[in-house]
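As the structure is a prediction and not an experimental result, all values here were calculated from the model.
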Amino acid sequence: MPDDGAESLFGTYDENLKHLETLFSVRIRTSGSELIVEGEAADVGRAEKVLDQLASLMRGGYRLAKGDVRTAAQLVAQDEHVELADYFLRSSTKTSGKRQVVPKSVTQKKYLDAIEQHDIVFGIGPAGTGKTYLAMAQAVSFLLSKRVSRIILARPAVEAGEKLGFLPGDLQEKVNPYLRPLYDALYDMMDLERAERLLERGTIEVAPIAFMRGRTLNDAFVILDEAQNTTSEQMKMFLTRLGFGSKAVITGDVTQIDLPTGRTSGLVEAMKVIGHVHGISFIHFDEKDVVRHALVQQIVKAYEAYGGGSR
């Protein structure tokens, strides 16, 4: 292994090596700059693939960030033929400053590729799979490279057990709590000052989906988040707003629908109605794509097993 960057590769107290041992059922020992991997041939081969390709990236000047080794291990566990350079170099999405967003699973890469290649993309799956975060990263990247002239972030203002009319304040103050996750993702992509300037100018707009009615959205990157809580009418209205030079990404989790009983989810209906329309891409995530705390993946899996995927 290369001497420079070995600490990042091994991790604090060799935590990355321990993760590789657990994931691939191998034993790893260090001997100077060498790593000795022991175990069944197939398991050793997968661990070796992770270490060899990461070493090659490091020799080429790539600096490992926190979490990169775990991401690399997860990718190889999902697909033994994966080329890590495709993820860490060619698939990274530039947002602002030095921040780069890298796909952490095979499905996440498919999602980013789909956004590049299609004008309408649906990202469907459980919480923590990066649906909104990656869409936001792509939107910011498109804006900074002048491939679009504005970003529009929309969300239905629906939440279980609460009605907007009973919340204090004016309309903006009432809807802001429902839009907060979109602001959080935006501020993670670019510095606060720059984001605030773009929001003030209207270059970036965050609004409830109801504000989309009657508009035609040209030269824009439009994200509809929490789409499972749109009604049929809202989803049709949103999809028909798309103008020239625009992209739309619709994200949602069909197991977390907060609409009143008897109302059909616009996302569920769209999957049936336009699921085979050429030029529209549907990407489905599952618990293997969860990139939050390690326990979140287990929680999602446990709930799916308990309720068969229902809420």
Roughly how far apart are [X] [atom1] and [Y] [atom2], rounded to 0.5 Å?
{"X": "D43", "Y": "E21", "atom1": "CG", "atom2": "CD", "answer": "12.0 Å"}
{"X": "I209", "Y": "L153", "atom1": "CD1", "atom2": "CG", "answer": "12.5 Å"}
{"X": "R241", "Y": "S246", "atom1": "CZ", "atom2": "OG", "answer": "12.0 Å"}
{"X": "T132", "Y": "D184", "atom1": "OG1", "atom2": "CG", "answer": "11.5 Å"}
{"X": "L20", "Y": "I28", "atom1": "CG", "atom2": "CD1", "answer": "4.5 Å"}
{"X": "L112", "Y": "S141", "atom1": "CG", "atom2": "OG", "answer": "10.0 Å"}

Ion pair check, R70 and E15, cut-off under 4.0 Å: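 Result for this pair is no, no salt bridge flagged.
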Residues E269 and K236 bridged, charged N to O under 4.0 Å: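 K236 and E269: not salt-bridged.
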Kindly say whether [Y] contributes a backbone atom to a donor-acceptor pair with the side chain of [X] at under 3.5 angstrom?
{"X": "E34", "Y": "S31", "answer": "no"}
{"X": "Q108", "Y": "T129", "answer": "yes"}
{"X": "D225", "Y": "R155", "answer": "no"}
{"X": "K131", "Y": "G125", "answer": "yes"}
{"X": "R29", "Y": "I36", "answer": "no"}
{"X": "Q228", "Y": "Q256", "answer": "yes"}
{"X": "K18", "Y": "Y13", "answer": "yes"}
{"X": "K247", "Y": "I115", "answer": "yes"}

Partner of R150 by side chain to side chain contact (heavy atoms under 4.5 Å, CB included), out of V222, L217, D219, L198: L217
Side chain to side chain contact (heavy atoms under 4.5 Å, CB included) assessment of F122 paired with L224: CA-CA 9 Å; F122 285 78; L224 173 57; over 6 Å; no
Using a cut-off of 6.0 Å, state whether more than 12 heavy atoms not belonging to [X] lie near its atom [atom1].
{"X": "Q117", "atom1": "CD", "result": "yes"}
{"X": "E40", "atom1": "CD", "result": "no"}
{"X": "R263", "atom1": "CZ", "result": "no"}

L242 with F244, same ILVMFWY side-chain cluster at under 4.5 Å: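 The answer is no; the residues belong to distinct hydrophobic clusters.
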Donor-acceptor side-chain pairing of Y111 and D289 below 3.5 angstrom: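 Distance-only check fails for Y111 and D289.
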Candidate pair R213 and E233, rule salt bridge (charged side-chain N to carboxylate O under 4.0 Å, His left out), full reasoning: CA-CA 11 Å; R213 193 172 297 281; E233 297 80 11; over 6 Å; no
Side chain to side chain contact (heavy atoms under 4.5 Å, CB included) evaluation trace for Y183 with V206: CA-CA 8 Å; Y183 284 106; V206 184; 3.8 Å; yes
